[in-house]
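Hydrogens, waters and symmetry mates play no part in the numbers below; they use all other heavy atoms, side chains included.
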Amino acid sequence: MQPPHGTFTWQDFQLLVRKAWQEHFPPAKSILLISFSWGNQEVVEAMKLMMDQVHPYQEAILFLHGQSWRAAFCPKCGTRFVKSKPQQRFCSEKCFRENRKANKRAGWKEHGAEWRPNSKKTKTAKKQIKRGDK
Ligand SMILES: [Zn+2]
């Protein structure tokens with residue numbers, strides 16, 4: 001998967017970073033990613049174009065290697081994001097809220113009749129579901 005020296009583009013590089021992300025920055029890949037920028041002048045130039053400076057990138061890789069739980073995918077929108085808390089599941093407040101809304105809707109659809117005390121599947125119950133669904 002490693003192209004010969006000289007033809008390594010920032011897209012190849014991005015692919016490697018994405019793979020490492022998926023695998024939670026294992027040591028071997030992290031070292032590889034850090035050393036890449038030193039060994040190959042073209043990659044250094046590509047990275048400079050990509051992120052202006054090399055050091056913040058290396059710090060970010062080290063950071064994610066040391067705290068690999070932070071490298072996550074949002075189960076709602078599928079985007080990569082860096083967790084601020086271990087229990088954080090979604091990339092944003094928006095995805096969190098949309099997921100909660102969807103769960104609530106699915107829950108009411110499935111269990112609305114059971115959850116509501118004294119309710120039967122009648123017209124009245126349907127109206128109540130609408131009002132209860134925030
Ligand atoms: Zn998201």
Inset, instruction - Indicate if Leu16 and Leu62 have the same hydrophobic cluster label, given that clusters are the connected sets of ILVMFWY residues with side-chain heavy-atom separations under 4.5 angstrom. - result: yes

Legend entry - For Gln22, all residues meeting side chain to side chain donor-acceptor pair (under 3.5 Å), sequence neighbours excluded: none

Inset, instruction - Not counting sequence neighbours, which residues clear side chain to side chain donor-acceptor pair (under 3.5 Å) with Glu98? List them please. - result: none

Inset, instruction - For Trp21 and Leu64, work out which heavy atoms get closest and say how close. - result: CZ3-CD1, 3.7 Å

Legend entry - Interatomic distance, Lys101 atom NZ to Asn99 atom CG [nearest 0.5 angstrom]: 11.5 Å

Inset, instruction - Starting at CZ of Phe25, measure out to OG of Ser30 and round the result to the nearest 0.5 Å. - result: 6.5 Å

Inset, instruction - May I ask you to list the residues sharing a hydrophobic cluster with Phe96, side-chain cutoff 4.5 Å, ordered by chain and number? - result: Phe90

Inset, instruction - Using the test salt bridge (charged side-chain N to carboxylate O under 4.0 Å, His left out), find all partners of Arg89 that sit at least two apart in sequence or belong to another chain. - result: none

Using a 3.5 Å cut-off and no angle test, enumerate the donor-acceptor pairs between side-chain atoms of residues 72-87 and protein atoms at least two apart in sequence or in another chain.
residue: Lys83; atom: NZ; partner: Pro86; partner atom: O; Å: 3.4
residue: Lys83; atom: NZ; partner: Gln88; partner atom: O; Å: 3.3
residue: Ser84; atom: OG; partner: Gln88; partner atom: OE1; Å: 3.0

Legend entry - Presence of salt bridge, Lys19 and Glu23, under 4.0 angstrom: no

